[in-house]
Amino acid sequence: MNTLEVKHLTVKVGDKKILDDVSLVIKKGKTCVVMGPNGSGKSTLSNVLMGHPSYEVISGKIIFNGKDITKKKAEERAALGMFMTFQSPREIVGVDFYPFLFDTYKFLQTARKEKALSVFEFKKKMDKEIAALKITDDWSQRCLNQGFSGGEKKKAEMLQLAIFKPSFVIFDEIDSGLDVDALKVVGRAMKKFKKSDTSALIVTHYLRILQEIEADQVIVMSAGKIIQIGGPELAHRLEKEGFEKIIAQK
Ligand code: ADP
Ligand code: MG
C-alpha cells in the first residue's frame with residue numbers, strides 16, 4: 001500500500017511558480033529522502049504536503065493512504081496521521097508549551113477514536129520522552145519554542161513526534177543547527193519512531209542522519225522540479241560530487 005502519492009503537483013505563491021509538476025510515491029513503511037540546493041523547493045514541498053495555507057496548488061493531487069487530501073486543512077491532515085517538523089520552528093508567545101502538547105495529543109486521540117491518557121499518566125509519559133531527548137531545562141512554564149536555542153527547538157519538534165505518534169512524518173532539515181551530541185539524540189529518536197509501518201520524508205543535506213534511518217528512495221530537487229530519483233547510493237554520490245554536476249546533466 002502507498003502512504004503518499006503526489007501526482008503532478010504544481011504550486012504557486014502569488015505569481016511565482018515554486019513547485020513544477022512534482023510526482024512521487026512513498027510506500028507504507030518506507031523512507032524517502034529529499035535533497036537539493038537551497039531554494040530548490042524542499043521546504044515548499046514539505047509545507048504543501050502538510051497543508052500550509054500560504055501555498056496555492058494550481059494543479060495535481062496529494063493522496064494520503066488512498067484519500068485525496070489536496071484540499072484538506074493542516075489539522076485534518078494531522079488527524080489522518082501526518083506530522084511535520086519545521087526547518088525553523090516559530091516561537092509562539094501566548095501558547096503554553098505543555099498544555100499545547102496535551103491538548104493536541106487529546107485532539108489526535110479523539111481523531112483516532114482512541115482513549116487519551118489521564119493528565120497524570122500523560123505527565124509520566126512526557127517525563128520519559130523528555131529524559132530520552134536529554135532535555136535538561138524545565139519547559140513547564142514556557143511558551144511554545146519561546147527563547148529556545150536552535151537545538152532546543154529541534155528537540156521540541158521531536159518531543160511532539162514522540163507524543164503524537166503520527167504514521168507519516170516529514171522531517172524538514174531536523175538535523176540542521178544541531179551539535180554532535182544533539183544530532184545523536186535526535187537520530188536515536190528518529191530511529192525509535194521509525195517502525196515497519198511508519199513512513200517518512202526526510203529533507204536533509206547530510207548523510208549523518210541516514211545512518212539512523214535507512215533511505216529507500218532519494219530524490220533530488222532543483223528549481224521546483226524533481227530532477228533525479230535513485231536509491232541510497234544517490235545520497236552518497238551527491239555528498240561526494242555536489243549538486244552541480246547532476247543539475248548540469250539535466
Ligand atoms: P528549500 O527548502 O529547498 O531551500 P524553499 O522551498 O524554502 O527551498 O524555497 C523555494 C523557493 O520558493 C525560494 O525561491 C523561496 O524564496 C520561494 N518561496 C518559498 N516560500 C515562499 C513564500 N511563502 N513566499 C514567497 N516565496 C516563497
Ligand atoms: Mg528548506
Side-chain angles (χ1 to χ4, degrees), residues 4 6-24 26 31-60 62 70-74 77 82-92 145 148-151 153-158 160-161 168-178 182-183 186-187 190 200-210 213 215 217-230 234-235 237-239 241-250:
L4 185 79
V6 178
K7 296 183 178 171
H8 304 290
L9 198 65
T10 296
V11 170
K12 267 188 175 174
V13 175
D15 285 342
K16 192 173 163 192
K17 196 194 268 184
I18 307 185
L19 294 182
D20 187 2
D21 196 22
V22 167
S23 296
L24 68 100
I26 303 177
T31 298
C32 174
V33 170
V34 182
M35 301 182 110
N38 294 327
S40 55
K42 306 181 298 297
S43 289
T44 300
L45 175 63
S46 307
N47 285 323
V48 170
L49 292 179
M50 200 62 232
H52 194 303
S54 296
Y55 300 90
E56 191 188 349
V57 175
I58 298 299
S59 57
I62 305 167
T70 319
K71 293 198 163 66
K72 288 204 185 295
K73 294 190 181 121
R77 299 180 198 212
M82 288 177 89
F83 178 77
M84 171 181 156
T85 68
F86 288 94
Q87 179 174 351
S88 312
R90 295 277 175 90
E91 301 193 14
I92 306 184
N145 296 322
F148 290 12
S149 69
K153 283 181 182 164
K154 296 300 174 93
K155 283 191 178 181
E157 298 289 282
M158 294 305 289
Q160 292 170 53
L161 171 68
F168 172 60
V169 179
I170 303 161
F171 294 99
D172 190 4
E173 296 203 25
I174 190 74
D175 48 356
S176 65
L178 293 177
L183 200 54
V186 165
M190 285 172 81
L201 184 133
I202 303 179
V203 177
T204 185
H205 290 293
Y206 309 107
L207 293 182
R208 171 64 183 80
I209 219 76
L210 304 182
I213 297 189
Q217 180 179 225
V218 175
I219 67 175
V220 185
M221 290 189 71
S222 169
K225 285 179 186 284
I226 293 180
I227 57 161
Q228 184 123 8
I229 301 185
L234 180 55
R237 213 185 110 202
L238 281 168
E239 187 167 77
E241 298 178 4
F243 295 119
E244 256 175 44
K245 204 167 153 188
I246 286 187
I247 292 170
Q249 284 165 356
K250 294 287 142 182

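Keep in mind that this is a model prediction, so the values were computed, not measured. Both backbone and side-chain heavy atoms feed into the values below; hydrogens, waters and symmetry mates do not. Start at 1 and go down the list; that is how both ligands and their atoms are numbered.
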* In sequence, state the C-alpha distance, the side-chain angles, and the governing distance for Leu234 and Ile246, and then conclude on side-chain contact (heavy atoms from CB on, under 4.5 Å). => CA-CA 10 Å; Leu234 180 55; Ile246 286 187; 3.8 Å; yes
* Check: Asp21 main-chain N/O paired with Lys7 side-chain donor or acceptor under 3.5 Å -> no
* Asked: Taking N or O atoms only and a 3.5 Å limit, does Gln87 qualify as a polar contact for ligand 1?
  -> no
* Asked: Between Thr44 and ligand 1, which part of the residue brings a heavy atom under 4.0 Å of the ligand: side chain, backbone, both or neither?
  -> both
* Asked: Between Val34, Leu19, Asp15, Ile18, which one has a non-hydrogen atom sitting closest to atom 11 (C) of ligand 1?
  -> Ile18
* Does Gly36 come within less than 4.0 angstrom of ligand 1, counting non-hydrogen atoms of the residue? -> no
* Ser43 neighbourhood, listing ligand 1 atoms whose heavy-atom distance to it stays under 4.0 Å -> 1 (P), 2 (O), 6 (O), 7 (O)
* Gly39 heavy atom under 4.0 Å from ligand 1 -> yes
* Proximity to ligand 1 by part of Lys16, non-hydrogen separation under 4.0 Å -> side chain
* the Mg ion (ligand 2): which protein N, O or S atoms are under 2.8 Å away? -> Ser43 OG, Gln87 OE1
* Taking heavy atoms and a distance under 4.0 Å, where does Ser54 meet ligand 1: side chain, backbone, both or neither? -> neither
* Within a reach of under 6.0 Å around CZ of Phe168, are more than 12 heavy atoms found that belong to other residues, nucleotides or ligands? -> yes
* Going by distance only, is there an N or O of Gly41 that falls short of 3.5 Å from an N or O of ligand 1? -> yes
* Asked: Should Pro37 be listed as contacting ligand 1, given a heavy-atom distance under 4.0 Å as the test?
  -> yes
